[in-house]
Amino acid sequence: MKCRGVRPESIGASLMSYAQKELSKKSSLGNTSRQPKVDGVADPNGNERLVVETIISLLPVEKLSIPISFLFGLLRSAVMLDCTVSSRLDLERRIGSQLDMATLDDLLIPSFRHAADTLFDVDTVYRILVNFSQRDDSEDEMEDASVFECDSPHSPSQSALFRVSKLVDNYLSEIAPDANLKLNKFIAIADVLPEHARTTHDGLYRAIDVYLKGHQGLSDADKKKVCKLIDLQKLSQEAGAHAAQNERLPLQSVVQVLYFEQLRLRNSLPCSYPDDNHKPIHHSWRISSGALSASLSPRDNYASLRRENRELKLELARLRMRLNDLEKDHVCMKRDLLKSNSRRFMSSFSKSMGKLNFFGRTFSRGSGSPSRNSRRTESKITERT
């Protein structure tokens with residue numbers, strides 16, 4: 001059909017129609033729910049397995065000729081019917097070439113092999129992400145001489161990376177509560193994309209927080225290992241405030257979050273009043289808010305005001321904590337000063353009392369000798385008379 005000039009889209013539509021007619025369970029192709037439907041799917045003669053493998057071999061090689069939802073349905077059927085490895089790898093490669101068009105329900109492939117395994121097929125999704133990353137790297141190398149730059153946020157590959165990164169973060173949040181999900185698999189999926197794929201790490205932080213909540217038996221070393229995936233400088237104001245109070249995070253990560261939040265506040269406060277140093281802080285914030293309100297939409301203006309309000313509240317709370325610490329230090333210093341003054345007063349008082357007793361003793365000794373002398377003179381006078 002292709003040699004006769006039939007378009008790849010027409011071939012794909014014909015294969016989709018054939019698959020819906022031949023396969024006994026159509027839900028195996030279009031099932032996007034989390035609970036797999038396995039009743040009556042397995043064929044003792046292997047007819048459905050043969051049909052799926054034949055359809056996979058006849059798929060056109062052109063990109064976007066087959067809807068990605070149909071490819072995921074074929075992949076579910078291939079995993080469910082235990083098709084050949086080559087057929088499944090071919091589907092994974094095709095899906096990886098257009099993964100930026102997939103949805104979260106597409107990635108939630110149920111695991112059919114082991115009862116004690118994870119709820120979803122994590123290994124298959126990891127291989128699909130590896131195919132996407134390799135395709136992105138190859139396209140970046142080929143597009144070096146093109147109009148678009150590889151690192152530019154407006155390039156097609158970069159926009160695809162942004163969409164896939166959000167998809168991966170949502171997928172990690174969905175599979176994170178699974179108790180059978182190992183840490184190395186979680187880290188492998190989170191770290192499969194390049195570093196420049198995520199402009200913000202809020203989604204990755206939320207996924208890691210869900211994983212820590214569902215796996216409370218992790219050691220401190222494992223917590224530090226998984227938290228190293230988060231770039232704390234790429235957290236938003238809301239995520240940073242949540243992380244600063246998150247008891248599930250390691251103490252080192254919390255300290256780093258507080259440090260970056262303090263740096264952000266220090267950088268934001270001088271920007272609101274660079275020209276006038278005599279204006280109070282709240283007045284300058286109002287001026288900056290009024291200047292922004294003229295250039296922003298009402299929704300953006302409201303968000304900006306809320307953000308400034310949160311920053312002011314956070315700075316006020318820190319000032320109150322600092323004031324409480326200073327008051328405690330003042331009380332302690334005053335108490336120590338009173339103790340030292342009381343000791344000095346007692347020592348000086350004892351010394352003064354000692355001096356007074358010494359003068360009293362000398363005066364009594366001196367007063368005794370004149371009385372004796374007067375008596376002697378009086379006796380001499382009487383004898384003469």
Side-chain angles (χ1 to χ4, degrees), residues 1-4 6-132 134-135 164 167 171 174-175 185 189:
M1 295 177 66
K2 185 177 180 180
C3 296
R4 294 179 180 180
V6 181
R7 298 175 59 184
E9 292 81 4
S10 301
I11 298 175
S14 301
L15 290 174
M16 291 174 60
S17 178
Y18 175 77
Q20 292 178 358
K21 291 180 181 178
E22 291 296 327
L23 294 177
S24 59
K25 288 294 183 180
K26 300 178 183 179
S27 60
S28 63
L29 294 178
N31 182 22
T32 58
S33 61
R34 301 181 186 178
Q35 298 296 332
K37 299 179 180 180
V38 296
D39 298 336
V41 173
D43 190 356
N45 297 325
N47 292 331
E48 293 183 353
R49 185 185 305 110
L50 181 60
V51 169
V52 172
E53 292 176 355
T54 303
I55 293 174
I56 294 174
S57 63
L58 295 176
L59 290 175
V61 296
E62 287 79 6
K63 186 179 178 181
L64 303 179
S65 59
I66 301 294
I68 193 171
S69 58
F70 180 75
L71 293 178
F72 271 106
L74 278 178
L75 183 58
R76 284 192 180 88
S77 298
V79 173
M80 188 186 306
L81 299 172
D82 197 13
C83 293
T84 60
V85 178
S86 60
S87 299
R88 284 178 286 175
L89 292 178
D90 187 17
L91 281 175
E92 292 171 3
R93 180 183 57 81
R94 293 175 182 271
I95 292 173
S97 64
Q98 47 183 328
L99 185 60
D100 55 311
M101 302 178 64
T103 61
L104 178 60
D105 291 334
D106 293 333
L107 289 181
L108 296 177
I109 304 173
S111 181
F112 301 101
R113 294 184 178 180
H114 305 287
D117 201 0
T118 55
L119 182 61
F120 299 104
D121 194 348
V122 180
D123 297 332
T124 300
V125 175
Y126 174 73
R127 290 192 296 268
I128 293 173
L129 291 172
V130 170
N131 288 323
F132 173 78
Q134 293 175 353
R135 179 193 67 85
V164 173
L167 180 64
Y171 177 75
E174 195 69 25
I175 67 174
K185 291 187 177 182
I189 294 178

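- Residues passing the side-chain contact (heavy atoms from CB on, under 4.5 Å) test with Leu89 are Val85, Glu92, Arg127, sequence neighbours excluded.
- Atom CG in Leu108 sits 9.0 Å away from atom CG in Leu119 (nearest 0.5 Å).
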Where do Ile175 and Thr118 land on the side-chain contact (heavy atoms from CB on, under 4.5 Å) test, with the steps shown first? CA-CA 9 Å; Ile175 67 174; Thr118 55; over 6 Å; no
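- Across all non-hydrogen atoms, the minimal contact from Asp117 to Ser111 is OD2-OG, 3.8 Å.
- For the pair Leu75/Leu71, no side-chain contact is recorded, criterion being any heavy-atom separation below 4.5 Å from C-beta on.
- Without hydrogens or angle criteria, Ser77 side chain to Gly73 main chain gives a donor-acceptor distance under 3.5 Å.
- Rounding to the nearest 0.5 angstrom, the gap separating the CD1 atom in Ile189 from the CD1 atom in Ile128 is 10.5 Å.
- Heavy-atom minimum distance, Gly96 versus Asn131: CA-CB, 4.3 Å.
- With sequence neighbours left out, the side-chain contact (heavy atoms from CB on, under 4.5 Å) criterion links Val125 to Leu107, Leu129, Tyr171.
- In this structure, CZ on Arg49 lies 11.0 Å from OG on Ser87, to the nearest 0.5 angstrom.
- For the side chain to side chain contact (heavy atoms under 4.5 Å, CB included) test with Leu74, the passing option among Ile95, Val79, Ile55 is Ile55; the others fail.
- Every residue two or more places apart in sequence or in another chain that forms a side-chain contact (heavy atoms from CB on, under 4.5 Å) with Ser86 is listed here: Thr84.
- Closest non-hydrogen pair, Val52 versus Cys83, comes out as CG1-SG, 4.0 Å.
- Of the inter-residue distances, the one linking Arg88 atom CZ with Thr124 atom OG1 reads 7.5 Å to the nearest 0.5 angstrom.
- Taking every heavy atom of both residues into account, Ile68 and Ala102 meet most closely at CD1-CB, 3.8 Å.
- Scanning all heavy atoms of the two residues, the minimum distance from Arg76 to Asp105 falls at NH2-O, 2.8 Å.
- Phe72 is not listed as a side-chain neighbour of Thr103, based on a closest heavy-atom distance of 4.5 Å or more.
- Residues satisfying the side chain to side chain donor-acceptor pair (under 3.5 Å) test with Asp90, not counting sequence neighbours, are Arg93, Arg94.
- Here the side chains of Leu91 and Leu59 are in contact, with some heavy-atom distance below 4.5 Å.
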